[in-house]
Amino acid sequence: MAPRSSKPARRIEAGGRSLFIHSQPRHSLHDLYHYCMTISWPQFYLFIAMSFIALNLLFAGLYQLQPGGIANQFPQGFLGAFFFSVETLATVGYGDMHPQTLYTHWISMLEIFIGMMSIALITGVTFARFSRPRARIVFTGNPVVRPLNGEQVLMLRAANARNNVIIDASARLRLLQHEVTAEGTAFRKLYDLALVRDQHPMFVLGWTLVHKIDEGSPLYQRDAASLAVARAQLILSINGIDETTIQPMVARHTFSHQDIRWNHAFADLIYTDEDENDHVDYQRLQEVSPLPPKEE
């Protein structure tokens, strides 16, 4: 049995079976939109309420840094500063100041109109940036070149850190290298590397991508030294549709020729224990090991 990660496992149900997730990357602030889209309605409103209270507590503390800064504060102290922060954040305007001439009323009406339009524009732009879809696809740090079924192949691996469904995922692999023409002109040339399977109907956990190094491959009869001379890079891009948000997402990763491990193999990302429970350990995504030498 493969050793488990020391971190607590998260259990999900997939296809009628329990799946235990180990070493899953933590949520980041970039993932806040996806988090808000996937939690239940009570959890969502509780999250909004707690954020509202926390923000007002923060501003109440800032107001208290200068005693007497709030005119007609009631009650005095931190509670009064908290209530003032709530009124200010909500733009309720319980203050004593108000316009008292017709001219001032017209000017204040114009200012309110401009302010409302400005808030609407700023809110729209902020939401557009906030809701921009971001993929949480993690890539192995080291592609491997190894024999597989009697053929030399290049293998790369990616995993979906959200464990949600990415529909109709597709992958493209390219080789970028430095070349010099017969006239002595140096330039960077891009080659497409065909993948054995470049489509995935439901990308949920891991995906191993395989490129056959045959006579039609730009990597045919290449080794680490020749790739180093050409300053070669591998560019892997994955795109698909997030089933939760129904939005397209794209992830890309670049590998240097120094990252390639020759005659190595990936560690098993998914394994089954003695109780027939399936496990996914994201920490193993970066693990590679040398292949045993061929017997003469």
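- Residues Leu291 and Pro147 form a side-chain contact, since some pair of their non-hydrogen atoms from C-beta on lies under 4.5 Å apart.
- The line from OG1 of Thr140 to CG of Leu209 is 11.0 Å long, rounded to the nearest 0.5 Å.
- Side-chain polar atoms of Ser217 and Asp214 form no donor-acceptor pair below 3.5 angstrom.
- Hydrophobic clustering of Ile, Leu, Val, Met, Phe, Trp and Tyr side chains at less than 4.5 Å, counting indirect connections, keeps Leu269 apart from Phe139.
- Note that the CZ atom of Phe78 and the CG atom of Leu57 stand 5.0 Å from one another [nearest 0.5 Å].
- Under the 4.5 Å side-chain heavy-atom criterion for Ile, Leu, Val, Met, Phe, Trp and Tyr, Ile166 and Met202 are members of distinct hydrophobic clusters.
- Taking every heavy atom of both residues into account, Ala81 and Gln64 meet most closely at CB-OE1, 3.7 Å.
- Considering every non-hydrogen atom in both Ala161 and Val138, the closest pair reads CB-CG1, 4.5 Å.
- Rounded to the nearest 0.5 angstrom, Leu46 CG and Ser51 OG are separated by 9.0 Å.
- Annotation: the span from Leu154 atom CG to Lys212 atom NZ amounts to 13.5 Å, rounded to 0.5 Å.
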request  = Decide side chain to side chain donor-acceptor pair (under 3.5 Å) for Glu183 and Thr185; before the verdict, give the C-alpha distance in whole Å, the side-chain angles of both, and the deciding distance to 0.1 Å.
outcome  = CA-CA 6 Å; Glu183 296 77 17; Thr185 302; 5.4 Å; no

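- More than 12 heavy atoms of other residues, nucleotides or ligands shown are found within 6.0 angstrom of CZ on Phe187.
- Ring geometry for Phe203 against His200 counts as tilted: the plane angle lies between 30° and 60°, on a 0 to 90° scale.
- Within 6.0 Å of the OH atom in Tyr45, the count of heavy atoms belonging to other residues, nucleotides or ligands does not exceed 12.
- In this structure, Thr254 and Leu176 have side chains that are not in contact, with every pair of non-hydrogen atoms separated by 4.5 Å or more.
- With hydrophobic clusters built from ILVMFWY side chains whose heavy atoms lie under 4.5 angstrom apart, Phe59 shares a cluster with Phe83.
- Remark: Gln247 CD to Ile241 CD1 distance equals 9.0 Å, nearest 0.5 Å.
- Linking ILVMFWY residues whenever their side-chain heavy atoms come closer than 4.5 Å, directly or via other members, places Ile137 and Trp207 in the same cluster.
- Between Ile167 and Val165, the closest side-chain pair of non-hydrogen atoms falls below 4.5 Å.
- For the residue pair Ala230 and Arg222, the shortest heavy atom distance occurs at CB-NH2, 3.9 Å.
- One distance of note links CZ of Arg231 with CD of Glu179; it measures 11.5 Å at 0.5 Å rounding.
- Of all the heavy atoms in Ala159 and Leu285, the pair that sits closest is CB-CD1, 4.2 Å.
- Sorted by first and then second residue, the salt bridge (charged side-chain N to carboxylate O under 4.0 Å, His left out) pairs with a member in residues 188-207 read Arg172-Asp192, Arg174-Asp192; sequence neighbours excluded.
- Leu175 and Met155 fall into different hydrophobic clusters, where Ile, Leu, Val, Met, Phe, Trp and Tyr side chains are chained together by heavy-atom contacts under 4.5 Å.
- The two atoms that bring Ile213 and Val153 nearest to each other are CD1-C, 3.9 Å, heavy atoms only.
- Nearest heavy atoms, Val144 versus Ala265: CG1-N, 4.4 Å.
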task = Please lay out, stage by stage, how Leu234 and Leu193 fare under the test side-chain contact (heavy atoms from CB on, under 4.5 Å).
result = CA-CA 9 Å; Leu234 296 173; Leu193 302 182; 3.7 Å; yes

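- A heavy-atom distance below 4.5 Å is found between the side chains of Leu205 and Tyr282.
- Between Asn142 and His264 there is no side-chain heavy-atom pair separated by less than 4.5 Å.
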request  = Test Asp223 against Ser226 for side chain to side chain donor-acceptor pair (under 3.5 Å), laying out the working first.
outcome  = CA-CA 6 Å; Asp223 56 14; Ser226 63; 3.1 Å; yes

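- For the ring-ring contact (aromatic ring centres under 6.0 Å, His included) test, residues two or more places apart in sequence or in another chain that qualify with Phe255 are His253.
- Remark: His257 pairs with Leu227, Ala228, Ala232 by the side-chain contact (heavy atoms from CB on, under 4.5 Å) rule, at least two apart or across chains.
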